[in-house]
Amino acid sequence: MNDTYDLTTYSASKLAELIRNNVVSSEEVVKSHISRIKEVNPKLNAVVVLTEKSALNSAREADSLTQKSKSLPPLHGVPVTIKDAFEVAGVISTGGTLGRKDYVPNIDATSVKRLKQAGAIILGKTNLPEISMGFESSNLVYGTANNPFDVKRIPGGSSGGEASIIAAGGSPFGIGSDAGGSIRWPAHCCGIVGMKPTTGRAPRTGHWPAFSGIFSLVTQIGPMARSVEDIALTLPLLSGPDGVDPTVMPIPLNDPAKVKLSDLNIAFHTDNGLATPIDEIQNAVNNAAGILETKVKSIEQRTPEALKMSASLHSQIMGADAGETARAILKNAGSNAMDPNLLARINMMSEKPAYLPDFLDTLVELEEYRSQLLQFMERTNTDVMIGPAAPVPAPLHGHGYDGFPENGSYSHAYNLAGWPALVMRGGTSKEGLPVGIQVISKPWCEEKVIAVALELEKNLETFPGPKI
């Protein structure tokens, strides 16, 4: 089996099975993805460092092990790309800023280490906004990443390069980080699957910049892929304490296969009251609800009133320091210039630092917001919510912040709550762009999110990929 195009369309789960069963070699799989990257990346600028030599060496080592061992790790011989915010030992890891353009770490981020231990092979690093702050993936080190469905449009941010190359077939899966939609917004823009697990589920150790203080409350890392089954495969590998990240809880990750859909009560909404989605997105949510109607215990259209708080609350929290944290990160990294998109983001955050008593009130408001969402779930006996991933498809370059922060509120809502949320493709816009739907549940209930998403994936139409 050596059809390059075929191999680059398979899921990570399927590739692992084929390699394990000696149907295809890891070297063939890695070569096919390297070839695909070289074919599409000149148009996408999604992969910023290609580790071709080491990937091929690792693939040959994996193939040697395949012949010798019957006990192989779950991702044995499967290639993966890594967002350039995560440190990879021996590989330039810039975080998208000039001060780190030549920085080479000597240890792996925890997530990278765990993927390697699971048998995955690093193909390279992917593009992102400077210091991972932005809805568009551009920086002064590598330039701007493009959307494979339309290179005039953004792939989203901050995990935009990752989403772009996965959608284009250059990588079967990857990892991203999400403080305000940075996994889910790119998944929506590029038509892939991305999941932000519960805050405290997976360690962020080795992500640069580090998330600390108030940012720890809203940030998590998670998997990105073209299929929900790959999210189910890779999330357990990323999860659990590492003895370094103090926010990670030793709470078991339950098995989606054990979830009975017929026991679930689902609420869905097509509009959060802040930014009304285009018709195609509302239709995608309604279609998903229709698919589940006969498979779950109940499904009703209900919108949590608390969602209307999300845009202003997220902006108040992220902008409380008027961008001083971002400026300090750049200064400490030795960066003497700033990407225009980052500057625009900082300027949007706040014109002046928050007055401390007002900020303390904001933290009280955050607790109230979280409580109101939980009360909604309890009062309505809701297990899972379904809603839009965003109100619009991927914007043109330079328009990523149009309608912000309201347009970002569909993802911000669950960073604030700390809840698990998965975005998957649910439809197509009139321009032929992918549009996403979002599946959400209460903290530590990832298995319910994945179980519902798996059912949707089985019943949704097969959407066309990019023609790049």
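Ion pairing of Glu39 with Arg36 is present here, as a side-chain N (NZ or NE/NH1/NH2) and a carboxylate O approach within less than 4.0 Å.
Counting heavy atoms from C-beta on, the side chains of Thr199 and Leu217 never come closer than 4.5 Å. In this structure the side chain of Ser132 reaches within 4.5 angstrom of the side chain of Lys83, judged on heavy atoms. Looking only at side-chain heavy atoms (C-beta outward), Leu460 and Asn287 come within less than 4.5 Å of each other. Two residues are said to be in side-chain contact when any heavy atoms from C-beta on lie closer than 4.5 Å; Glu431 and Pro393 meet this criterion. You'll find the side chain of Asn283 stays beyond 4.5 Å of the side chain of Thr270, heavy atoms only. No side-chain heavy atom of Asp255 sits less than 4.5 Å from a side-chain heavy atom of Glu447. Residues Val452 and Leu261 are in side-chain contact: their nearest non-hydrogen atoms beyond the backbone lie under 4.5 Å apart. Looking at heavy atoms from C-beta onward, Ile183 lies out of side-chain contact with Gln220 at the 4.5 angstrom threshold.
Ring geometry for Tyr410 against His269 counts as parallel: the plane angle stays under 30°, on a 0 to 90° scale with 60° as the upper cut. Aromatic ring pairs are classed by plane angle as parallel below 30°, tilted from 30° to 60° and perpendicular above 60°; the pair Phe135 and Phe404 is perpendicular.
Residues Leu274 and Leu307 come closest through the heavy atom pair CD1-O, 3.5 Å. Nearest approach of Phe376 to Ala267, heavy atoms of both residues: CZ-CB, 4.3 Å. Smallest separation of non-hydrogen atoms from Thr198 and Pro420: OG1-CD, 3.4 Å.
Applying the salt bridge (Lys or Arg N to Asp or Glu O under 4.0 Å) test to pairs two or more places apart or on separate chains, those with a residue in residues 119-132 are Asp84-Lys125.
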Verdict with reasoning, Ser111 to Phe86, per side chain to side chain contact (heavy atoms under 4.5 Å, CB included): CA-CA 8 Å; Ser111 51; Phe86 295 91; 3.3 Å; yes
Let's go through Leu233 and Leu75 carefully: what are the C-alpha distance in whole Å and the side-chain angles of both, what is the deciding distance for side chain to side chain contact (heavy atoms under 4.5 Å, CB included) to 0.1 Å, and is it a yes or a no? CA-CA 9 Å; Leu233 172 66; Leu75 291 171; 3.6 Å; yes
Begin from the C-alpha positions of Ile122 and Ile82 and carry the test side chain to side chain contact (heavy atoms under 4.5 Å, CB included) through to its verdict. CA-CA 7 Å; Ile122 310 300; Ile82 305 294; 3.9 Å; yes
Can you check side chain to side chain donor-acceptor pair (under 3.5 Å) on Ser25 and Glu27, steps first, answer last? CA-CA 5 Å; Ser25 70; Glu27 186 175 1; 5.4 Å; no
Take Lys442 and Glu378 through the test side chain to side chain contact (heavy atoms under 4.5 Å, CB included) and record every step on the way to the result. CA-CA 10 Å; Lys442 291 182 288 188; Glu378 292 296 319; 3.1 Å; yes
Between Lys14 and Glu17, does a salt bridge (charged side-chain N to carboxylate O under 4.0 Å, His left out) hold up when you go through it step by step? CA-CA 5 Å; Lys14 184 64 176 178; Glu17 177 190 336; 3.7 Å; yes
Would you check, one step at a time, whether the test side chain to side chain donor-acceptor pair (under 3.5 Å) holds for Thr382 with Asn265? CA-CA 5 Å; Thr382 297; Asn265 298 303; over 6 Å; no
Tell me, with the steps shown, if His397 and Asn147 meet side chain to side chain donor-acceptor pair (under 3.5 Å). CA-CA 10 Å; His397 285 295; Asn147 191 308; over 6 Å; no
Intermediate values then yes/no, salt bridge (charged side-chain N to carboxylate O under 4.0 Å, His left out), Asp263 and Lys260: CA-CA 6 Å; Asp263 290 342; Lys260 292 183 179 179; 5.1 Å; no
Please assess Thr81 against Glu162 for the test side chain to side chain donor-acceptor pair (under 3.5 Å), listing each intermediate value before the final yes or no. CA-CA 7 Å; Thr81 41; Glu162 195 64 54; 2.4 Å; yes
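Proximity of a side-chain donor or acceptor of Asn45 to a complementary backbone N or O of Thr144 within less than 3.5 Å is detected.
Not counting sequence neighbours, Phe463 has no partner by the ring pair (Phe, Tyr, Trp, His ring centres under 6.0 Å) test.
Test Val49, Ile37, Ile165, Val80 against Leu123 for side chain to side chain contact (heavy atoms under 4.5 Å, CB included) and you get one pass: Ile37. The residue from Leu253, Leu235, Ile221, Asp178 that alone fulfils the side chain to side chain contact (heavy atoms under 4.5 Å, CB included) condition with Pro197 is Leu235. Each of Lys297, Glu455, Lys448 was checked for a side chain to side chain contact (heavy atoms under 4.5 Å, CB included) with Leu264, and the lone residue meeting it is Lys448. For the side chain to side chain contact (heavy atoms under 4.5 Å, CB included) with Ser429, the qualifying choice from Ile278, Ile281, Asp279 is Ile278, the only one to do so.
Expressed to the nearest 0.5 Å, how far CD of Glu87 lies from OG1 of Thr110 amounts to 10.5 Å. The distance from atom OG1 of Thr247 to atom CZ of Phe215, rounded to the nearest 0.5 Å, is 14.5 Å. Between the CD atom of Glu52 and the OG atom of Ser35 there is a distance of 9.5 Å, given to the nearest 0.5 Å. Taking CE of Met385 as the start and CD1 of Ile266 as the end, the distance is 11.5 Å to the nearest 0.5 Å. Atoms OG and CG, on Ser26 and Leu15 in that order, are 9.5 Å from each other to the nearest 0.5 Å. The CD atom of Glu457 sits 11.0 Å away from atom CD1 of Ile450, with the distance rounded to the nearest 0.5 Å.
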Only distances under 3.5 Å count here; give the side-chain donor-acceptor pairs of residues 186-196 to other protein atoms, sequence neighbours excluded, each with its distance to 0.1 Å.
unit_1, atom_1, unit_2, atom_2, d
His188, ND1, Gly436, N, 2.8
His188, NE2, Val392, O, 2.6
Lys196, NZ, Tyr414, O, 3.3
Lys196, NZ, Trp419, O, 2.6

